[in-house]
Amino acid sequence: MSRPLARLALSLSLLVGFAGTAAAGFAAPPPGDARAAAPVVDAPIAPPHAAPTYPRPAVDLTPRLDEATRARLRTALVRQRARNVRAFHAYVRRGVFPHNFVSTTRLNVWRDPAGHLCAAATMIDRSGAHALVRQVARDDNFVRLADVTSGPLLDWILTSGLTHAEVVAIQEPFMGGEDEQPRAQWMPAEDARLRARYAEVKAQLAAAPAASVEAAIDALAARPDLIAQLLRAR
(Lines give C-alpha, C1' and ligand atoms only; values in the text may rest on other atoms or scores of the structure.)
Protein backbone atom coordinates (compact mmCIF):
# COMPACT_ATOMS: atom_id res chain seq x y z
CA MET A 1 0.00 0.00 0.00
CA SER A 2 1.41 3.44 -0.88
CA ARG A 3 2.13 5.87 1.92
CA PRO A 4 -0.73 8.31 1.05
CA LEU A 5 -3.31 5.51 1.00
CA ALA A 6 -2.03 4.22 4.33
CA ARG A 7 -2.49 7.69 5.90
CA LEU A 8 -6.08 7.90 4.55
CA ALA A 9 -6.99 4.47 5.94
CA LEU A 10 -5.60 5.41 9.37
CA SER A 11 -7.60 8.67 9.45
CA LEU A 12 -10.85 6.88 8.57
CA SER A 13 -10.34 4.28 11.32
CA LEU A 14 -9.72 6.96 13.93
CA LEU A 15 -12.84 8.86 12.87
CA VAL A 16 -15.06 5.77 13.12
CA GLY A 17 -13.66 4.93 16.55
CA PHE A 18 -14.31 8.43 17.85
CA ALA A 19 -17.93 8.36 16.67
CA GLY A 20 -18.54 5.01 18.37
CA THR A 21 -17.07 6.29 21.61
CA ALA A 22 -19.26 9.41 21.48
CA ALA A 23 -22.34 7.31 20.87
CA ALA A 24 -21.46 5.04 23.77
CA GLY A 25 -20.65 7.92 26.11
CA PHE A 26 -23.41 10.44 25.42
CA ALA A 27 -26.38 8.95 23.56
CA ALA A 28 -27.23 6.41 26.28
CA PRO A 29 -28.35 7.65 29.72
CA PRO A 30 -25.81 7.34 32.48
CA PRO A 31 -26.12 4.17 34.55
CA GLY A 32 -28.67 4.38 37.38
CA ASP A 33 -30.58 7.40 35.97
CA ALA A 34 -34.06 5.82 35.74
CA ARG A 35 -35.75 9.17 35.09
CA ALA A 36 -33.91 9.60 31.79
CA ALA A 37 -34.48 5.99 30.82
CA ALA A 38 -38.22 5.98 31.52
CA PRO A 39 -40.59 7.23 28.83
CA VAL A 40 -42.03 10.69 29.40
CA VAL A 41 -45.72 10.42 30.41
CA ASP A 42 -47.90 13.41 31.31
CA ALA A 43 -48.83 13.19 34.98
CA PRO A 44 -52.60 13.25 35.66
CA ILE A 45 -53.92 16.55 36.94
CA ALA A 46 -55.14 16.19 40.50
CA PRO A 47 -58.72 17.29 41.03
CA PRO A 48 -59.02 20.57 42.88
CA HIS A 49 -59.64 20.21 46.59
CA ALA A 50 -63.01 21.40 47.88
CA ALA A 51 -62.92 24.38 50.13
CA PRO A 52 -62.82 23.28 53.75
CA THR A 53 -66.08 23.52 55.61
CA TYR A 54 -66.40 24.42 59.25
CA PRO A 55 -69.42 23.76 61.45
CA ARG A 56 -71.29 26.91 62.33
CA PRO A 57 -71.44 27.60 66.03
CA ALA A 58 -74.90 27.40 67.52
CA VAL A 59 -75.24 31.06 68.42
CA ASP A 60 -78.52 32.54 69.56
CA LEU A 61 -78.74 35.89 67.79
CA THR A 62 -81.94 36.94 69.54
CA PRO A 63 -81.30 40.23 71.33
CA ARG A 64 -81.24 39.81 75.09
CA LEU A 65 -83.59 41.81 77.25
CA ASP A 66 -82.80 42.46 80.86
CA GLU A 67 -85.25 41.07 83.37
CA ALA A 68 -86.64 44.48 84.30
CA THR A 69 -87.53 45.21 80.67
CA ARG A 70 -89.01 41.74 80.19
CA ALA A 71 -91.14 42.22 83.29
CA ARG A 72 -92.49 45.55 81.99
CA LEU A 73 -93.16 44.07 78.56
CA ARG A 74 -94.85 41.08 80.13
CA THR A 75 -97.26 43.33 81.98
CA ALA A 76 -98.02 45.35 78.85
CA LEU A 77 -98.47 42.32 76.58
CA VAL A 78 -100.66 40.46 79.04
CA ARG A 79 -102.97 43.46 79.04
CA GLN A 80 -102.91 43.68 75.24
CA ARG A 81 -103.56 39.98 74.89
CA ALA A 82 -106.55 40.06 77.24
CA ARG A 83 -108.14 42.95 75.34
CA ASN A 84 -107.64 41.29 71.95
CA VAL A 85 -108.90 37.90 73.11
CA ARG A 86 -112.03 39.57 74.51
CA ALA A 87 -112.61 41.23 71.12
CA PHE A 88 -112.27 37.86 69.40
CA HIS A 89 -114.71 36.21 71.81
CA ALA A 90 -117.25 38.99 71.23
CA TYR A 91 -116.88 38.52 67.48
CA VAL A 92 -117.59 34.79 67.77
CA ARG A 93 -120.58 35.37 70.06
CA ARG A 94 -122.08 37.90 67.64
CA GLY A 95 -121.80 35.36 64.83
CA VAL A 96 -121.84 37.81 61.92
CA PHE A 97 -119.09 36.68 59.60
CA PRO A 98 -117.94 37.83 56.17
CA HIS A 99 -118.43 35.50 53.22
CA ASN A 100 -116.33 34.51 50.26
CA PHE A 101 -118.18 35.48 47.09
CA VAL A 102 -115.03 35.38 44.97
CA SER A 103 -113.82 31.79 44.95
CA THR A 104 -115.14 28.30 45.58
CA THR A 105 -111.92 27.47 47.43
CA ARG A 106 -110.64 28.74 50.78
CA LEU A 107 -109.86 32.44 50.69
CA ASN A 108 -108.95 35.05 53.29
CA VAL A 109 -111.46 37.88 53.00
CA TRP A 110 -110.61 40.94 55.08
CA ARG A 111 -113.94 42.69 54.41
CA ASP A 112 -116.76 41.35 52.27
CA PRO A 113 -119.11 43.44 50.06
CA ALA A 114 -121.59 43.74 52.93
CA GLY A 115 -118.90 45.41 55.07
CA HIS A 116 -118.40 42.46 57.43
CA LEU A 117 -114.83 42.12 58.73
CA CYS A 118 -113.00 38.88 59.36
CA ALA A 119 -112.06 37.94 62.93
CA ALA A 120 -108.51 39.31 62.74
CA ALA A 121 -109.64 42.56 61.11
CA THR A 122 -112.34 42.97 63.78
CA MET A 123 -109.80 42.41 66.55
CA ILE A 124 -107.43 44.99 65.05
CA ASP A 125 -110.29 47.46 64.52
CA ARG A 126 -111.45 47.07 68.14
CA SER A 127 -107.92 47.92 69.27
CA GLY A 128 -108.35 51.38 67.74
CA ALA A 129 -106.38 50.84 64.51
CA HIS A 130 -109.34 51.84 62.33
CA ALA A 131 -107.23 53.54 59.64
CA LEU A 132 -105.06 50.43 59.28
CA VAL A 133 -108.11 48.21 58.85
CA ARG A 134 -109.54 50.49 56.18
CA GLN A 135 -106.22 50.67 54.36
CA VAL A 136 -105.84 46.87 54.23
CA ALA A 137 -109.42 46.49 52.97
CA ARG A 138 -108.69 48.99 50.23
CA ASP A 139 -105.19 47.84 49.20
CA ASP A 140 -105.03 44.11 49.95
CA ASN A 141 -108.47 42.74 50.82
CA PHE A 142 -107.36 39.10 50.46
CA VAL A 143 -104.23 39.46 52.58
CA ARG A 144 -102.87 36.37 54.32
CA LEU A 145 -101.44 37.34 57.70
CA ALA A 146 -99.22 34.26 57.52
CA ASP A 147 -97.34 35.99 54.69
CA VAL A 148 -96.89 39.33 56.47
CA THR A 149 -93.23 39.92 57.32
CA SER A 150 -93.06 43.71 57.66
CA GLY A 151 -95.11 46.87 57.83
CA PRO A 152 -97.92 48.13 60.06
CA LEU A 153 -99.73 44.78 60.21
CA LEU A 154 -96.65 43.03 61.53
CA ASP A 155 -96.10 45.85 64.03
CA TRP A 156 -99.64 45.34 65.31
CA ILE A 157 -99.11 41.58 65.64
CA LEU A 158 -95.83 42.06 67.52
CA THR A 159 -97.48 44.34 70.09
CA SER A 160 -100.76 42.41 70.38
CA GLY A 161 -99.71 39.99 73.13
CA LEU A 162 -100.50 37.16 70.70
CA THR A 163 -98.01 35.15 68.71
CA HIS A 164 -97.97 35.42 64.94
CA ALA A 165 -99.27 31.85 64.71
CA GLU A 166 -102.21 32.67 66.99
CA VAL A 167 -103.23 35.67 64.90
CA VAL A 168 -102.99 33.52 61.76
CA ALA A 169 -105.28 30.94 63.38
CA ILE A 170 -107.80 33.66 64.23
CA GLN A 171 -107.78 34.77 60.59
CA GLU A 172 -109.59 31.65 59.40
CA PRO A 173 -110.09 31.64 55.59
CA PHE A 174 -113.61 31.26 54.21
CA MET A 175 -115.11 28.68 51.90
CA GLY A 176 -117.20 29.92 49.00
CA GLY A 177 -120.20 28.20 47.50
CA GLU A 178 -120.38 26.49 44.14
CA ASP A 179 -121.63 28.64 41.28
CA GLU A 180 -124.89 26.74 40.95
CA GLN A 181 -125.43 26.46 44.71
CA PRO A 182 -127.82 29.05 46.19
CA ARG A 183 -126.37 31.29 48.88
CA ALA A 184 -129.18 30.26 51.20
CA GLN A 185 -127.62 26.78 51.27
CA TRP A 186 -123.88 27.29 51.54
CA MET A 187 -123.75 30.42 53.72
CA PRO A 188 -125.41 28.86 56.82
CA ALA A 189 -123.23 25.77 56.44
CA GLU A 190 -120.12 27.92 56.26
CA ASP A 191 -121.18 29.93 59.32
CA ALA A 192 -121.62 26.69 61.28
CA ARG A 193 -118.17 25.52 60.20
CA LEU A 194 -116.66 28.84 61.30
CA ARG A 195 -118.30 28.66 64.75
CA ALA A 196 -116.82 25.20 65.27
CA ARG A 197 -113.41 26.32 64.06
CA TYR A 198 -113.44 29.43 66.26
CA ALA A 199 -114.27 27.26 69.28
CA GLU A 200 -111.07 25.33 68.58
CA VAL A 201 -109.07 28.55 68.29
CA LYS A 202 -110.48 29.84 71.58
CA ALA A 203 -109.33 26.61 73.26
CA GLN A 204 -105.86 27.04 71.75
CA LEU A 205 -105.62 30.60 73.04
CA ALA A 206 -106.58 29.49 76.54
CA ALA A 207 -104.21 26.50 76.62
CA ALA A 208 -100.89 28.20 77.46
CA PRO A 209 -101.23 31.99 77.57
CA ALA A 210 -98.12 32.55 79.69
CA ALA A 211 -95.91 30.67 77.24
CA SER A 212 -97.46 32.58 74.35
CA VAL A 213 -96.69 35.91 76.02
CA GLU A 214 -93.07 34.88 76.55
CA ALA A 215 -92.84 33.93 72.86
CA ALA A 216 -94.35 37.31 71.98
CA ILE A 217 -91.70 39.05 74.10
CA ASP A 218 -88.95 37.13 72.28
CA ALA A 219 -90.39 38.13 68.90
CA LEU A 220 -90.55 41.75 70.04
CA ALA A 221 -86.97 41.81 71.33
CA ALA A 222 -85.53 42.70 67.91
CA ARG A 223 -87.72 45.83 67.67
CA PRO A 224 -86.58 48.41 70.23
CA ASP A 225 -88.75 51.02 68.51
CA LEU A 226 -91.90 49.02 69.22
CA ILE A 227 -90.74 48.22 72.74
CA ALA A 228 -90.33 51.92 73.49
CA GLN A 229 -93.71 52.69 71.94
CA LEU A 230 -95.45 49.97 73.92
CA LEU A 231 -93.89 50.95 77.24
CA ARG A 232 -94.64 54.64 76.70
CA ALA A 233 -98.31 53.81 76.14
CA ARG A 234 -98.67 52.24 79.57
Side-chain angles (χ1 to χ4, degrees), residues 58-93 97-98 106-111 117-130 132-133 135-137 140-174 193-234:
V59 177
D60 183 5
L61 300 179
T62 303
R64 299 292 181 182
L65 297 173
D66 60 81
E67 284 306 314
T69 302
R70 285 191 72 94
R72 294 178 65 196
L73 283 175
R74 188 177 297 113
T75 299
L77 290 178
V78 165
R79 184 181 67 250
Q80 298 281 85
R81 180 184 180 89
R83 183 191 64 190
N84 291 321
V85 169
R86 283 196 303 270
F88 173 58
H89 285 189
Y91 173 86
V92 176
R93 282 195 305 271
F97 311 133
R106 291 163 64 90
L107 182 69
N108 291 101
V109 179
W110 189 258
R111 185 177 66 192
L117 296 172
C118 74
T122 299
M123 190 169 58
I124 296 172
D125 191 64
R126 295 282 180 86
S127 74
H130 311 300
L132 174 60
V133 171
Q135 179 185 351
V136 173
D140 194 4
N141 197 47
F142 307 114
V143 63
R144 294 178 70 249
L145 293 179
D147 298 334
V148 171
T149 58
S150 62
L153 276 177
L154 180 65
D155 292 353
W156 189 93
I157 292 170
L158 289 173
T159 57
S160 68
L162 302 162
T163 66
H164 199 153
E166 288 173 331
V167 176
V168 169
I170 289 170
Q171 193 203 22
E172 173 69 15
F174 306 104
R193 184 193 72 82
L194 288 170
R195 281 190 288 271
R197 173 58 186 152
Y198 290 143
E200 295 173 354
V201 175
K202 286 168 63 175
Q204 293 171 12
L205 295 175
S212 294
V213 168
E214 294 305 314
I217 294 172
D218 291 337
L220 191 57
R223 294 291 304 275
D225 57 325
L226 293 181
I227 291 174
Q229 174 186 317
L230 187 62
L231 295 183
R232 279 198 306 269
R234 288 187 58 192

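Sequence positions, counted from 1, serve as the residue numbers for this chain.
- Only one option out of Leu73, Leu158, Asp225 pairs with Leu230 in a side chain to side chain contact (heavy atoms under 4.5 Å, CB included); it is Leu73.
- Judged as a salt bridge (Lys or Arg N to Asp or Glu O under 4.0 Å), the pairs with a partner in residues 203-214 (not counting sequence neighbours) are, in order, Arg70-Glu214, Arg74-Glu214.
- Taken to the nearest 0.5 Å, the CG atom of Leu65 stands 8.0 Å off from the CG atom of Asp218.
- With sequence neighbours left out, the side-chain hydrogen bond (donor to acceptor under 3.5 Å, both in side chains) criterion links Ser160 to no other residue.
- Scored by the side-chain hydrogen bond (donor to acceptor under 3.5 Å, both in side chains) test, Arg144 finds Asp147 as partners (sequence neighbours excluded).
- A distance-only check finds no donor-acceptor pair linking the side chain of His164 to the backbone of Leu154 [under 3.5 Å].
- For the atom pair Ile124 CD1 and Cys118 SG, the distance stands at 7.5 Å (nearest 0.5 Å).
- Here the shortest heavy-atom pairing between Pro98 and Val109 reads CG-O, 4.2 Å.
- Screening residues 158-171 for salt bridge (Lys or Arg N to Asp or Glu O under 4.0 Å) gives Arg81-Glu166 as the qualifying pairs, with residues at least two apart or on separate chains.
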Could you check Leu162 against Val85 for side-chain contact (heavy atoms from CB on, under 4.5 Å), going step by step and ending with a plain yes or no? CA-CA 9 Å; Leu162 302 162; Val85 169; 4.1 Å; yes
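- For Arg197, the salt bridge (charged side-chain N to carboxylate O under 4.0 Å, His left out) partners are Glu172, Glu200, not counting sequence neighbours.
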Under the side-chain contact (heavy atoms from CB on, under 4.5 Å) criterion, do Arg223 and Thr159 qualify, and how do the steps go? CA-CA 10 Å; Arg223 294 291 304 275; Thr159 57; over 6 Å; no
Quick one, Asp155 with Gln229, criterion side-chain contact (heavy atoms from CB on, under 4.5 Å). Give me CA distance, side-chain angles, the key distance, then yes/no. CA-CA 11 Å; Asp155 292 353; Gln229 174 186 317; over 6 Å; no
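- For Arg83, the salt bridge (charged side-chain N to carboxylate O under 4.0 Å, His left out) criterion is met by no residue, not counting sequence neighbours.
- For the pair Ile170 and Ala120, the tightest heavy-atom approach, listed with the atom from each and the gap, is CG2-N, 3.9 Å.
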Please evaluate residues Trp110 and Asp140 with respect to the criterion side-chain contact (heavy atoms from CB on, under 4.5 Å), reporting the C-alpha separation (whole Å), side-chain torsions for both, the decisive distance (0.1 Å), and the verdict. CA-CA 8 Å; Trp110 189 258; Asp140 194 4; over 6 Å; no
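- Take Arg111 and apply the side-chain hydrogen bond (donor to acceptor under 3.5 Å, both in side chains) test, not counting sequence neighbours, and it matches no residue.
- In this structure Asp125 satisfies the salt bridge (charged side-chain N to carboxylate O under 4.0 Å, His left out) test with no other residue, sequence neighbours excluded.
- Remark: Ser127 engages Trp156 in a side-chain hydrogen bond (donor to acceptor under 3.5 Å, both in side chains) (not counting sequence neighbours).
- For the residue pair Ile217 and Leu77, the shortest heavy atom distance occurs at CG1-CD1, 3.6 Å.
- Every residue two or more places apart in sequence or in another chain that forms a ring pair (Phe, Tyr, Trp, His ring centres under 6.0 Å) with Phe88 is listed here: Tyr198.
- Of all heavy-atom pairs between Leu132 and Pro152, the closest is CD1-CB, 3.7 Å.
- With sequence neighbours left out, Asp66 forms a salt bridge (charged side-chain N to carboxylate O under 4.0 Å, His left out) with no residue at all.
- Taking the side chain to side chain contact (heavy atoms under 4.5 Å, CB included) definition, one finds that Pro173 meets it with Arg106, Asn108, sequence neighbours left out.
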